[in-house]
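Below is one structure; the comments refer to it alone.
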Amino acid sequence: MRLSFLPVAVLGAVTAVSALTIPPYTGTLIKGKQFPSLLDVDLEELVAGLESGLFTSVDLVKAYTARIIEVNSTLHAVTELNPDALAIAATADGLRANGTTLGPLHGIPILIKNNIATGDKMNNTAGSFALYGAKQPDSTLAKKLRAAGVVILGKTNLSQWANYRSSNSTNGWSAYGGQVTAAYYPGQDPSGSSSGSGVASSIGLALATLGSETSGSILSPSDVNNLVGIKPTVGLTSRHLVIPISEHQDTVGPM
């Protein structure tokens, strides 16, 4: 599949919402109103669209999923799509319709790195088939995301075992997910180990992603993929049920 660097899967494009791409492909029309593309939209704009009824969380899940399907055979950035995402989004829409929101991320789709455990139908493999099918409860991070109303849309590919597979591992490659490539140049090194998180965020496969870092695994792919990545001070974010490397260095942060 040839990758277009200008998003053609726009908000609401795969739903009953009428969406037309606006030249020069910097946004979309939804119900006659101009709105940013998935690549450019920010949290405040998504929240405004949800609160005004311009679209729903279900619409967002469908649009982001369509974008992932469009590019993933080329970029291999996402290893898991949450089969419950639409149901979770529908619940979030129902709460919003009744005047209840759980926070600013209510009903917003987020992708997380495939070393952060979720107690659902998705796998938590760190890129290795050795952990395929293993069952575990939600990590503390996943619990907090759900409590904030986030729709965990899926999981991102990574350098296998977060680049701890060997002293000569390959950025973005895992046996489970294949080779991640960055979006700005064919075959580009995405850096690692949060390779899929960096690439997914860089082309709008979700509003944002979570990565993990022991030594550069958030900051380096954020740099390569033209993102802002935050490496929190060790201990400020929970590491419970995040597949570990070092208790003295591991941390989880947004990209």
Side-chain angles (χ1 to χ4, degrees), residues 1-75 77-78 81-112 145-146 148-154 156 183-184 197 199-210 225-228 254-255:
M1 178 188 300
R2 183 177 183 274
L3 175 63
S4 170
F5 302 108
L6 298 170
V8 297
V10 292
L11 288 168
V14 294
T15 71
V17 176
S18 175
L20 297 173
T21 306
I22 302 172
Y25 311 106
T26 56
T28 183
L29 282 176
I30 304 176
K31 297 179 180 177
K33 296 183 179 180
Q34 188 169 351
F35 200 80
S37 70
L38 293 179
L39 179 64
D40 298 319
V41 71
D42 61 29
L43 177 60
E44 289 184 356
E45 290 163 332
L46 287 180
V47 170
L50 289 167
E51 290 182 343
S52 68
L54 191 59
F55 47 80
T56 65
S57 293
V58 167
D59 293 334
L60 287 178
V61 167
K62 289 181 177 179
Y64 281 121
T65 299
R67 181 63 173 144
I68 291 168
I69 292 170
E70 180 186 27
V71 304
N72 207 52
S73 63
T74 299
L75 302 180
V78 178
L81 281 172
N82 187 352
D84 298 321
L86 282 173
I88 295 168
T91 298
D93 287 334
L95 288 171
R96 188 182 296 277
N98 289 328
T100 300
T101 57
L102 302 178
L105 292 174
H106 184 94
I108 301 296
I110 299 292
L111 290 165
I112 66 175
L145 290 174
R146 297 191 204 277
V150 167
V151 179
I152 301 177
L153 181 60
T156 58
Y184 291 99
S197 294
V199 173
S201 189
S202 77
I203 55 170
L205 303 188
L207 173 69
T209 61
L210 285 185
N225 291 285
N226 198 29
L227 298 172
V228 173
M255 302 169 71

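Keep in mind that what you see is a predicted model, and the values were worked out from it rather than measured.
The backbone N or O of Val199 lies less than 3.5 Å from a partner atom in the side chain of Ser202, making a donor-acceptor pair. Ser201 places a side-chain N or O within 3.5 Å of a backbone atom of Met255 that can act as its donor or acceptor partner.
Ala200 and Leu111 make their closest contact through CB-CD1, 3.8 Å (heavy atoms, listed as atom of the first residue, atom of the second, distance). When all heavy atoms are compared, the tightest approach of Ile203 to Ala183 is CG2-CB, 3.5 Å. Minimum heavy-atom separation, Tyr64 to Pro109: CD1-CG, 3.7 Å. Pairing each heavy atom of Ala208 with each of Ile110, the nearest pair is O-CG2, 3.5 Å. Pairing each heavy atom of Lys33 with each of Leu54, the nearest pair is CD-CD1, 4.0 Å. Closest non-hydrogen pair, Ala85 versus Leu153, comes out as CB-CD1, 4.1 Å.
None of Leu43, Val151, Val61, Leu145 except one satisfies the side chain to side chain contact (heavy atoms under 4.5 Å, CB included) rule with Ile108; the exception is Leu43.
When side chains are defined from C-beta on, Leu50 counts as touching Phe55, because their heavy atoms get closer than 4.5 Å. No side-chain heavy atom of Ile30 sits less than 4.5 Å from a side-chain heavy atom of Asp59.
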TODO: Begin from the C-alpha positions of Thr65 and Leu86 and carry the test side chain to side chain contact (heavy atoms under 4.5 Å, CB included) through to its verdict.
DONE: CA-CA 10 Å; Thr65 299; Leu86 282 173; over 6 Å; no
TODO: Just do the side chain to side chain contact (heavy atoms under 4.5 Å, CB included) check on Leu75 and Leu205 with the steps written out, would you?
DONE: CA-CA 11 Å; Leu75 302 180; Leu205 303 188; 5.8 Å; no
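Sorted by first and then second residue, the side chain to side chain donor-acceptor pair (under 3.5 Å) pairs with a member in residues 44-53 form an empty list; sequence neighbours excluded.
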Show me the side-chain donor-acceptor pairs of residues 95-103 shorter than 3.5 Å, one per line, residues at least two apart or across chains.
residue : atom : partner : partner atom : Å
Arg96   : NH2  : His106  : O            : 2.9
Asn98   : ND2  : Gly94   : O            : 3.3

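Summarising the geometry, atom CG belonging to Leu46 is positioned 5.5 Å from atom CZ belonging to Phe35; distances are rounded to the nearest 0.5 Å. Taken from CG in Asn225 to OG1 in Thr209, the straight-line distance is 9.5 Å, to the nearest 0.5 Å.
In this structure Thr156 satisfies the side chain to side chain donor-acceptor pair (under 3.5 Å) test together with Ser197, sequence neighbours excluded.
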